[in-house]
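Read the structure below first, then the notes.
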Amino acid sequence: MATNRNRNRTRRSTGKRARTTAHAEPSHSKVKDEKSVIKLPASITVKNLSEMIGVSSIDIIKNLMRNGIMANINQVIDFDMAATLVTGFGFDVAAEKRPSSATSTKRKRSRHFMEDDPILLKPRPPVVTIMGHVDHGKTKLLDAVRKANVAATEAGEITQHIGAYQVEVHGQKITFLDTPGHEAFTTMRARGAQVTDIAVLVVAADDGVMPQTIEAIAHARAADVPIVVAINKIDKPEANPQRVQQQLADHGVVIEEWGGNVICVPVSAKKKEGIDVLLENILIVAEMEELKANPDRRAVGVVIEAQLDKNRGPVATVLIEAGTLKVSDPFVVGDTWGKVKAIFNDKGKHLRKAEPSCPAEILGMDSVPQAGDILTVTNTEKEAHTLAMKRHEQKKAERNAAKQISLSNLFSQMSEGEVKELNIVLKTDVQGSIDPIKTSLERLNTEAVKVNILHADSGSITEGDVLLALASKGIIIGFNAHPEMGAVKLADREGVDMRSYDIIYHIVDDVEKAMKGLLEPTYVDVVEGRAEVRAVFTTKAGTVAGTYIIEGKITRGSMVRVLRKGANIYNSSVSSLKRFRDDVKEVTSGFECGIGVEGFTAFEQGDIIESYVKKAK
Ligand code: GDP
């Protein structure tokens, strides 16, 4: 223990190390052809970029929106963003003048705001999430970190649980997200808000690498977030840190002692040992990452927690990403807005302002925002209000733009240049099936699209798997692997393509066909409207249901099913649709109409006639 601590200290004081990151290998498959080369300046307006590359400003703005940036035509965008766009439009990029900071070599985190001129950027504290297998001590470690810092807390302050907290080590701050585990991490990421800079992977020394450890590694990698390993419970007699290190290496996390580049710190959350070394090492990784933000601009932040407090009204904890949030600032957050009435820190202390990476509990919102919503300070309250409305629309557009990949739409998205790799989460019944499937799938790689197995493991398909696929725009392939109920629901709600197979050949065949655009689409029923039967009439033309449209619309000729007490009793189509005596094409909600259903006469009061269309998945 002691030697390890000393060694880490020495390393910190010399500060000379290779980049300490466990980033995923970048997996770009570049299609080289005769493209025009665009020379980009350090920053450029949307309008000028549009003129430079001959792509309409609207298309550029649409693409920016897809990247989570709301821009107008005079907006200045930075080199990196412009380069991403320009490459996406099929050009090659040459730098006229690269920005001087190291941002261009940094991993691309989805940002919700224009990056500032590098000169204005100042170092900011790292934001850390603790991940790992259940019972390996994540909560205990979060607690130990908080308590190790108790000396820095002023007397009389009581720690509040606001979703994140900050500690101070040698005068430098570290922000910890208070929700351990990769589920919260990936949920935020799936919503387009990645706030974590560093993942601490907790592995119990007496238990070793377990399924959720492997999942956590996959999640951190998919997000391109560096990992610091904390081998916990070293106080236990049966602790075996060497075995953990070996197991981690087997999963591609090679620690420094083993010749890799991942920092590993032995700790005991229970005995509060090794915590200071862990914190120091987090700071080292943070230094390597050169985390920066401009504090002198209007604040932008991400909501990490929000609720309605019966005394204080809507309350949200916001992690400031850039700028400084002050009391009285007007702001828009998600599709709500407000004016900062008060700011509290994680110790319940009133703050006048909150700087980058600071978790701030704020009051003064019109309604409760959602975790993952972006807060942006505006000029005036009126602007905030107007923006809130616009954001509502934008959110809708973003949801549509962020279309999940499915095997059915893969080819069209490839053709539009939107997809260069097919991310797959693979779950099998037994470990032995993983390799053959992986190898056969990877053999399908082409110039245009690369198969990328994000995560492969045996066991049932969990919500975590769906979240990973969702956040990485991937699909899930199950081979004799049963999906859990929660996973089915989530995949359905978020439109994640989840497919089950029992023959390897069929997996390979489907993926290959999808890559060539030859896969037959699968269809799902999408409900268009519902009508409630209020009376039954028999006319010359047959039996007709007198109905009231309670939802959506009913169209003449559309497919319908008759539901009685929730059960589907008949499938057919609309044979006649009348308003009073007139034949009509469609009737929308709030109106009464007469509906005839082909081949069905046994209507009863209270039946529901549901119309639907078949849509390709
Ligand atoms: P989580 O599920 O990862 O959040 O795990 P917890 O923090 O709830 O810890 C699980 C159990 O392990 C609890 O009973 C803790 O008291 C215990 N535990 C956590 N850290 C240590 C440790 O360093 N040493 C020992 N002996 N027990 C620990």
Does any non-hydrogen side-chain atom of [Y] lie less than 4.5 Å from one of [X]?
X      : Y      : result
Lys553 : Glu528 : yes
Ile38  : Phe89  : no
Leu422 : Leu407 : yes
Ile405 : Ile475 : yes
Val496 : Leu490 : no
Tyr570 : Arg564 : no
Glu361 : Val315 : yes

Could you tell me whether a side-chain N or O of [X] sits under 3.5 Å from a main-chain N or O of [Y], the two making a donor and an acceptor?
X      : Y      : value
Asp373 : Val303 : no
Thr129 : His182 : no
Asn445 : Val451 : yes
Ser406 : Asp497 : no
Thr317 : Ile162 : yes
Asn452 : Leu454 : no
Thr428 : Phe479 : no

Nearest heavy-atom neighbours spanning [X] and [Y]:
X      : Y      : value
Thr378 : Ala384 : OG1-CB, 3.4 Å
Thr380 : Glu383 : OG1-N, 3.0 Å
Tyr612 : Val527 : CB-CA, 4.0 Å

Can you tell me how far apart [atom1] ([X]) and [atom2] ([Y]) are? Round to the nearest 0.5 Å.
X      : Y      : atom1 : atom2 : answer
Glu512 : Leu441 : CD    : CG    : 10.0 Å
Leu308 : Met365 : CG    : CE    : 10.0 Å
Met515 : Thr446 : CE    : OG1   : 4.5 Å
Gln605 : Thr547 : CD    : OG1   : 12.0 Å
Leu85  : Ile60  : CG    : CD1   : 6.5 Å
Leu375 : Thr336 : CG    : OG1   : 10.5 Å

Q: For Thr376 and Arg298, run side chain to side chain contact (heavy atoms under 4.5 Å, CB included): C-alpha distance rounded to whole Å, both residues' side-chain angles, the deciding distance at 0.1 Å, then the answer.
A: CA-CA 8 Å; Thr376 316; Arg298 279 198 244 144; over 6 Å; no

Q: In sequence, state the C-alpha distance, the side-chain angles, and the governing distance for Phe185 and Leu177, and then conclude on side chain to side chain contact (heavy atoms under 4.5 Å, CB included).
A: CA-CA 9 Å; Phe185 168 86; Leu177 292 182; over 6 Å; no

Sequence-distant partners of [X], side chain to side chain donor-acceptor pair (under 3.5 Å), two or more places apart:
X      : answer
His455 : none
Ser472 : Arg189
Ser460 : Glu484

Q) Hey, what's the ring geometry for Trp337 with His385, parallel, tilted or perpendicular (30° and 60° as the breaks)? A)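 Ring orientation of Trp337 relative to His385: parallel.
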
**Q.** Partners passing salt bridge (Lys or Arg N to Asp or Glu O under 4.0 Å) against Glu610 (at least two apart in sequence or in another chain)
**A.**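 Partners of Glu610 by the salt bridge (Lys or Arg N to Asp or Glu O under 4.0 Å) criterion, ordered by chain and then number, come out as Arg530, Arg561.
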
Name each donor-acceptor pair under 3.5 Å that joins a side chain in residues 573-597 to protein atoms two or more places apart or in another chain, with its distance.
residue: Ser575; atom: OG; partner: Gly596; partner atom: O; Å: 3.1
residue: Ser576; atom: OG; partner: Gly596; partner atom: N; Å: 3.4
residue: Lys578; atom: NZ; partner: Asp583; partner atom: OD1; Å: 3.4
residue: Arg579; atom: NH1; partner: Glu592; partner atom: O; Å: 2.6

Q: Please assess Val533 against Ile609 for the test side chain to side chain contact (heavy atoms under 4.5 Å, CB included), listing each intermediate value before the final yes or no.
A: CA-CA 7 Å; Val533 178; Ile609 299 174; 4.0 Å; yes

N/O donor-acceptor pairs under 3.5 Å from side chains in residues 45-52, not counting sequence neighbours:
residue: Thr45; atom: OG1; partner: Asn48; partner atom: N; Å: 3.0
residue: Thr45; atom: OG1; partner: Asn48; partner atom: ND2; Å: 3.4
residue: Ser50; atom: OG; partner: Val55; partner atom: O; Å: 2.9

Q.
Does Asn480 form a side chain to side chain contact (heavy atoms under 4.5 Å, CB included) with Val430? I'd like the steps, not just the answer.
A. CA-CA 9 Å; Asn480 290 328; Val430 289; over 6 Å; no

